[in-house]
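For the numbers below, each heavy atom of this structure counts, side chains included, while hydrogens, waters and symmetry mates do not. Throughout, protein chains are lettered first and strands after them, A, B, ... in sequence-line order, and every chain is numbered starting at 1.
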There are 2 protein chains.
Amino acid sequence: MEKSTNNQSTSQRILDIAERLVQTRGYNSFSYGDIAAELGVTKASLHYHFPSKGGLGHRLIERYEATLLAALADIDQGTNDPISKLRRYADLYATVLHNNRMCCCGVLSAEYGTLPPPMQEALRHYFDVNERWLAVVLDSGREAGRLNFEREPVEVARLLVSSLEGANMIAYSYGDPKRFERTAELLLEAFEPKT
Amino acid sequence: MEKSTNNQSTSQRILDIAERLVQTRGYNSFSYGDIAAELGVTKASLHYHFPSKGGLGHRLIERYEATLLAALADIDQGTNDPISKLRRYADLYATVLHNNRMCCCGVLSAEYGTLPPPMQEALRHYFDVNERWLAVVLDSGREAGRLNFEREPVEVARLLVSSLEGANMIAYSYGDPKRFERTAELLLEAFEPKT
DNA sequence: GTCTATAGGTGGATAGAC
DNA sequence: GTCTATCCACCTATAGAC
């Protein structure tokens, strides 16, 4: 706010474009040139906002995680039913597909070996956050008798993240969001209490 | 066999190296230069065997699928128990991780939007093959009363492929094959008949 | 904050000698 | 089949003017 009031705005627009490019092409398949062309500036200008591509990628993951946390808080505030929470969680992945994208962090996991260490760490942290939120929903839901599953909540949470990430990417390859939605529904109905 | 008897051998070695590079770095993050350096030849020599990178990538998927089909035939020949078949199928993904790699086609699915159309088609065909084999195992296993699940076998097969692919990539990011193995076990035990 | 200009490297691919 | 040499496009990044 003090100086250059539109600095943040430009940075955000850069991140918006970069995010979409990662979600459709991957981290190693987009360039400063792609962003510059779309934003209508030169490549050099981008380096003012993000000196290195690795730094941009790192910020991208941090922002993606912050957006997720807000969405999870929204779910927690919107419903107390654990089944509804899981459905709305799966809907986050579905929405990405309807925007003709994949999950940013799912894509990055496939490129894990090529990412700079700070991005690798941020990526694992993103998955940890997903896992922890799901584990709480699962644990308390079962405690309340509204979810049915065996084994440790954390391990089931990992299964959910893995399944949804995998289904997200494969459905993208088929250009078919419905394919994801059916798979997610199949996955989640296993948690409904037996009547 | 007729002429240049070691032609196939060199091509295979190129494919071996390319395959490992895709499984660890992705299709867009390896170059002819990487292969040439490892094989001890020049980049130009590689173009004799594979004129274009897209052609190389296409052959890579075809060979990967052929290897899979052989592994599936081996499973079919080795056991009749559907649970054992599913476990051995999941073991294919685990073996990849123990070799410090991801599933080739899982990685490629994350780069789908950047692949030349022939590779996109071959990729979907690979997933189709997995799905079909699993659907047969699931359908006949349930018919024989040795598997327990509801819904269409094809849809359950898709869930299995998605979950295993996703778990494969995330476990790779954590450098932890055990993480995959626990998730796979959790996934498969849901299919055991209730005693 | 954005520009021009450029550095220094790597990408896939080709021509032609051997 | 493999080599040298080369092309041209593209990459990330920096210097310095405006």
Can you tell me how far [atom2] of [N] sits from [atom1] of [X], to the nearest Å?
| X | N | atom1 | atom2 | result |
| --- | --- | --- | --- | --- |
| D34(A) | dG11(C) | CG | P | 18 Å |
| H47(B) | dG16(C) | NE2 | P | 17 Å |
| Y48(B) | dA15(C) | OH | C1' | 16 Å |
| L56(A) | dC11(D) | CG | P | 15 Å |
| I35(B) | dA13(C) | CD1 | C1' | 14 Å |

Look at the side-chain N and O atoms of [X] and state whether any lies under 4.0 Å from the OP1 or OP2 oxygen of [N].
| X | N | answer |
| --- | --- | --- |
| H49(B) | dT2(D) | yes |
| T42(A) | dC3(C) | yes |
| S45(B) | dC3(D) | yes |

Winner on side-chain proximity to A44(A), out of dG12(C), dT4(C), dT2(D), is dT4(C)

Compare the minimum distances between each of dA13(C), dA13(D), dT2(C) and the side chain of K53(B), then state the nucleotide with the smallest one. dA13(C)

Per the under-4.0 Å heavy-atom filter, residues of residues 25-33 of chain A near DNA chain D come out as F30(A), S31(A), Y32(A)

Between G40(B) and K43(B), name the one whose nearest nucleotide on DNA chain D is closer to the 5' end. G40(B)

same_hphob_cluster(F149(B), L86(B)) at 4.5 Å side-chain heavy-atom cutoff: yes

To the nearest 0.5 Å, tell me how far [X] [atom1] sits from [Y] [atom2].
| X | Y | atom1 | atom2 | value |
| --- | --- | --- | --- | --- |
| L188(A) | I83(A) | CG | CD1 | 7.0 Å |
| Q120(A) | L108(A) | CD | CG | 11.0 Å |
| R146(B) | K85(B) | CZ | NZ | 10.0 Å |

If you draw the axis of the six-membered ring of Y172(B), does the NZ or CZ of R101(B) fall within 45° of it and under 6.0 Å from the ring centre? no

Excluding sequence neighbours, so at least two apart, what forms ring pair (Phe, Tyr, Trp, His ring centres under 6.0 Å) with Y93(A)? Y89(A)

With salt bridge (charged side-chain N to carboxylate O under 4.0 Å, His left out) as the test, would you mind laying out the steps for R182(A) and E185(A) before giving the verdict? CA-CA 5 Å; R182(A) 284 194 298 268; E185(A) 184 56 32; over 6 Å; no

